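In each ligand, atom 1 is the first atom listed, and ligand 1 is the first ligand listed. All of these numbers come straight from a predicted model, not from anything done at the bench. Each residue takes its place number in the sequence, starting with 1.
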Amino acid sequence: MHQRQAVIERIRRVSAGVQRLELAVEPPQRALSGGQFFLARTTATYDPYLREAWLPVALNDKTIVVERPTRYQYLPNQVVDLLGPLGKPFPLRNSARALLLIAYEAAPSIFLLMLQSALARNSAATLVLIGQAQQYPLEALPSALEVIRAEHYETWAERAQHIAWADQIFAVAPPPYDLPAYMRLLEDAQRVRHAVSAELLYGIFQPPMPCGIGACQACLVRLQNGDEVPACTEGMAFDLTRVNLLQSLADSAGA
Ligand code: FES
């Protein structure tokens, strides 16, 4: 993990709500996998105090492309302070030939880098966009991807078939949607597949991350074995059979 300066070389508006920033970083970032991210500070002050999570969607020879909502404004040649790459690569299995990706109320940007690798080795991938995620521009997605839209989780008509079909499933939902969404998905997977094996079903946890290095304990995820582990260093994807979703839901209801 490094702290480094990046320069915004190019800004491309992908749609009304999505823009992509091409960042030149020094030294060039060559090792970066789907699921890893940066914490960025765009001002010299601590206002805002929290850095923003910037998600890489493509990696070029000398630049990294990140995706940001257009409600944030950036300028060419603007210097950004980056912390990272943070987190662990998504545990995509080499043998996974059928990949199901689910975005609840969130842009699916976090999947795009992993998708490049999966599609390059001819895996089939289906992306389900639920709720606000339906606003994501289809033209920003790889053409080989099957995309399904649903207003609500319950109106995703063929979800049992998709869940049964997949070799691996990754779901992303922002807090506070994450815990209920992952609980419902795990229950569905248990019902459809009878048993959910390890390394099948992952939820992506994106709590606020003040430090990004596992020091402040603000981003802990509670596991079934009683451990609490930081999402910033051990995530952001967690095997949902290992997460104590029931206790986490009870904790969040009492918070
Ligand atoms: S952000 Fe501080 S421990 Fe994860």
Item to check | Every residue of the protein that comes under 4.0 Å of ligand 1, judged on heavy atoms | outcome: M209, P210, C211, G212, G214, A215, C216, Q217, C219, C232
Checklist entry - Does the gap between the ring centers of F170 and F90 come in under 6.0 Å? => result yes
Checklist entry - Thinking salt bridges, do R93 and D167 make one under a 4.0 Å N-O criterion? => result no
Next on the checklist: Salt bridge check, R68 against E52: does any charged N sit closer than 4.0 Å to a carboxylate O?
Outcome noted: yes
Item to check | Worked check of salt bridge (charged side-chain N to carboxylate O under 4.0 Å, His left out) between R51 and D81 | outcome: CA-CA 9 Å; R51 289 170 176 262; D81 187 78; 2.5 Å; yes
Item to check | Within the 6.0 Å centroid threshold, strictly below: F205 and Y182 | outcome: yes
Checklist entry - Can the positive tip of R184 be found less than 6.0 Å from the middle of the six-membered ring of Y153, inside 45° of the ring normal? => result yes
